[in-house]
Amino acid sequence: MSLERIESAAELRARVAQWRAAGDRIAFVPTMGNLHRGHLALIEQARGLAQRVICSIFVNPTQFGPNEDYSRYPRTLEGDAAALDAARCDLLFLPSVEVMYPLGIERAVKVEVPGLSNVLCGAHRPGHFAGVATVVARLFNLAQPDLAVFGSKDFQQLQVIRHMVSDLGFPLQIVAGDTVRETDGLAMSSRNQYLDVEQRQRAARIFETLQSMARRSQAGEAQIQVETWANAALEAEGFTVDYAVLRQPDNLVEPDALGPGTRVALIAARLGATRLIDNLSFACS
Ligand code: PAF
């Protein structure tokens with residue numbers, strides 16, 4: 001296995017400095033591990049954009065709420081490392097909680113992205129995006145990449161990170177990776193494995209509903225009608241719906257009227273204890 005594993009900030013900095021001195025462009029893919037084909041597509045995309053690819057695996061405690069799945073989040077390090085090696089990732093960064101939060105979690109400096117962090121998933125998961133922005137900011141400072149690749153399934157996370165990078169002037173490019181789907185349309189996610197057989201079948205309804213929302217909007221149906229329909233359709237299938245909405249992609253505010261422009265349909269819905277999210281961008285003429 002040629003994949004190098006590094007746990008300390010100092011060793012990571014030294015390796016990155018060495019690569020930089022050799023003139024290599026460095027791409028970074030931050031993850032929480034339990035890697036699936038969606039993550040590996042991000043690594044492949046990174047591979048095409050840089051000479052060196054770093055992947056981090058860190059299950060970040062500050063982005064989980066008190067009743068969420070932090071302790072049972074799947075941890076599959078050896079399988080992940082083998083998959084990264086096969087994908088020709090150069091370096092796996094595996095920091096501990098102490099490396100990521102040297103002052104301790106209570107005393108850690110927090111990065112808040114107002115507005116974008118408080119709607120949709122942020123409204124249902126208070127503190128979640130501050131946890132994400134904080135850990136990603138620190139990872140960026142440790143790895144100092146030229147670019148970082150994030151999956152589009154977590155659309156709001158992508159917009160929060162873009163906003164943070166632009167506002168704090170991080171000298172790197174954020175690249176969006178396409179969502180990878182199962183054959184029935186379900187977006188790949190580490191949380192899909194929590195679903196039982198029957199829930200797994202029903203989960204495909206999320207992507208079907210997003211597609212119908214896009215079609216209805218494109219046909220001129222009013223936003224409120226589309227959203228009401230989507231909520232009812234998902235509830236009829238046994239989902240508990242956090243939101244099923246149409247938004248403007250950049251700022252996630254409601255479109256004034258469904259005139260020309262790009263829109264994004266976003267859904268977060270639960271099957272039992274499992275919370276699934278997905279989204280679909282589309283153009284309205
Ligand atoms: O998308 C994820 O896996 C996480 O939110 C991230 C970006 C690695 C931060 O912990």
Side-chain angles (χ1 to χ4, degrees), residues 4-20 25-35 39 42-43 46 50 52-66 68 70-71 73 75 77 80-81 84 89-118 121-122 125-151 154 156-177 190:
E4 181 180 13
R5 296 188 198 192
I6 285 185
E7 293 179 10
S8 82
E11 274 176 287
L12 177 65
R13 282 232 166 94
R15 179 64 71 244
V16 167
Q18 195 185 27
W19 287 343
R20 212 165 273 299
R25 194 168 154 78
I26 300 168
F28 181 39
V29 182
T31 80
M32 298 203 301
N34 193 238
L35 304 181
H39 294 112
L42 303 180
I43 301 286
R52 300 289 182 176
V53 178
I54 303 174
C55 175
S56 63
I57 296 182
F58 178 64
V59 185
N60 173 34
T62 67
Q63 70 188 74
F64 289 81
E68 295 185 353
Y70 174 65
S71 55
Y73 197 85
R75 287 153 171 93
L77 178 56
D80 291 348
L84 288 171
C89 178
D90 297 285
L91 194 161
L92 173 56
F93 182 47
L94 290 167
S96 62
V97 172
E98 291 70 31
V99 167
M100 290 311 296
Y101 297 103
L103 300 179
I105 286 175
E106 292 309 315
R107 296 179 54 220
V109 172
K110 268 196 199 162
V111 179
E112 300 264 2
V113 178
L116 269 177
S117 296
N118 303 326
C121 283
R125 304 181 68 189
H128 170 68
F129 288 115
V132 170
T134 300
V135 83
V136 170
R138 177 142 171 82
L139 286 166
F140 284 171
N141 279 331
L142 294 177
Q144 304 194 350
D146 296 292
L147 64 104
V149 190
F150 290 87
D154 298 297
Q156 188 174 3
Q157 166 172 286
L158 184 62
Q159 301 305 52
V160 165
I161 290 167
R162 281 191 199 284
H163 193 90
M164 174 189 82
V165 162
S166 147
D167 201 37
L168 295 182
F170 278 94
L172 76 143
Q173 186 195 349
I174 299 298
V175 178
S190 301

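Bear in mind that the values here come from a model prediction, so they are computed numbers and not experimental data. Count residues from 1 along the sequence.
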Task: Leu35 side, atom CG; Ile57 side, atom CD1 - distance, nearest 0.5 Å - done: 4.5 Å
- [ ] Return the minimal non-hydrogen interatomic distance between Gln63 and His128, and the atom names on each side.
- [x] O-ND1, 2.8 Å
Open item on the list: Testing the basics here: between Ala9 and Phe93, what is the closest heavy-atom pair and its distance to 0.1 Å?
Closed with: N-CE1, 4.5 Å
Task: Sequence neighbours excluded - side chain to side chain donor-acceptor pair (under 3.5 Å) pairs with any residue from residues 131-148 - done: Arg20-Asp146
Task: Euclidean distance, Tyr101 OH relative to Arg107 CZ, rounded to 0.5 Å - done: 15.0 Å
- [ ] Evaluate side-chain contact (heavy atoms from CB on, under 4.5 Å) for Gln157 paired with Cys121, printing each intermediate quantity in order.
- [x] CA-CA 9 Å; Gln157 166 172 286; Cys121 283; over 6 Å; no
Open item on the list: Using side-chain contact (heavy atoms from CB on, under 4.5 Å), reason through Val165 and Val136 one step at a time and then give a plain yes or no.
Closed with: CA-CA 10 Å; Val165 162; Val136 170; over 6 Å; no
Task: From CZ (Arg162) to CG (Asp167), nearest 0.5 Å - done: 15.0 Å
Open item on the list: Distance check, rounded to the nearest 0.5 Å: Ile174 atom CD1 versus Phe28 atom CZ?
Closed with: 10.0 Å
- [ ] Could you point out which residue of Asp154, Thr62, Ile161, Val113 forms a side-chain contact (heavy atoms from CB on, under 4.5 Å) with Val132?
- [x] Ile161
Task: Sequence-distant partners of Phe140, ring pair (Phe, Tyr, Trp, His ring centres under 6.0 Å), two or more places apart - done: Phe170
- [ ] State the CD-CZ distance between Gln173 and Arg25, to the nearest 0.5 angstrom.
- [x] 6.0 Å
Task: Any donor-acceptor N/O pair, Gln159 side chain to Leu116 backbone, under 3.5 Å - done: no
Open item on the list: Side chains of Arg13 and Leu142, heavy atoms from C-beta outward: is any pair under 4.5 Å?
Closed with: yes
Open item on the list: Looking at Asn34, is its backbone amide N or carbonyl O close enough to the side chain of Asp80 to form a donor-acceptor pair, meaning the two atoms are under 3.5 Å apart?
Closed with: yes
Open item on the list: Are the side chains of Phe58 and Val99 in contact, using a 4.5 Å heavy-atom criterion?
Closed with: no
Open item on the list: Could you tell me if Asn60 and Tyr73 have a donor-acceptor pair between their side chains, going purely by distance under 3.5 Å?
Closed with: no
Task: Distance-minimising heavy-atom pair for Ala46 and Ala27 - done: CB-CB, 3.7 Å
Task: Glu7: partners by side-chain contact (heavy atoms from CB on, under 4.5 Å), with sequence neighbours left out - done: Leu94
Task: pair Leu92-Leu77: side-chain heavy atoms closer than 4.5 Å - done: yes
Open item on the list: Would you say that Phe150 contacts Pro30 through its side chain, given a criterion of any heavy-atom pair below 4.5 Å between the two side chains?
Closed with: yes
Task: Nearest atoms (heavy-atom pairs only) where Val160 meets Ala133 - done: CG1-CB, 4.5 Å
Open item on the list: When you compare the side chain of Arg52 with that of Arg15, does any pair of heavy atoms fall below 4.5 Å?
Closed with: no
Open item on the list: How close do Gly177 and Val149 get, counting heavy atoms only, and between which atoms?
Closed with: N-CG1, 4.3 Å
TODO: Answer whether the closest heavy-atom distance between the side chains of Pro145 and Ile54 falls below 4.5 Å.
DONE: no
Task: Separation of Leu168 CG from His163 NE2 (nearest 0.5 Å) - done: 9.0 Å
- [ ] Kindly indicate whether the side chain of Ser190, heavy atoms from C-beta on, has any atom under 4.5 Å from the side chain of His39.
- [x] yes
Task: Within-4.5 Å side-chain heavy-atom neighbours: Leu84 and Val53 - done: no
Task: Minimum heavy-atom distance between Arg5 and Ala81, given as atom pair plus value - done: NH2-CB, 3.5 Å
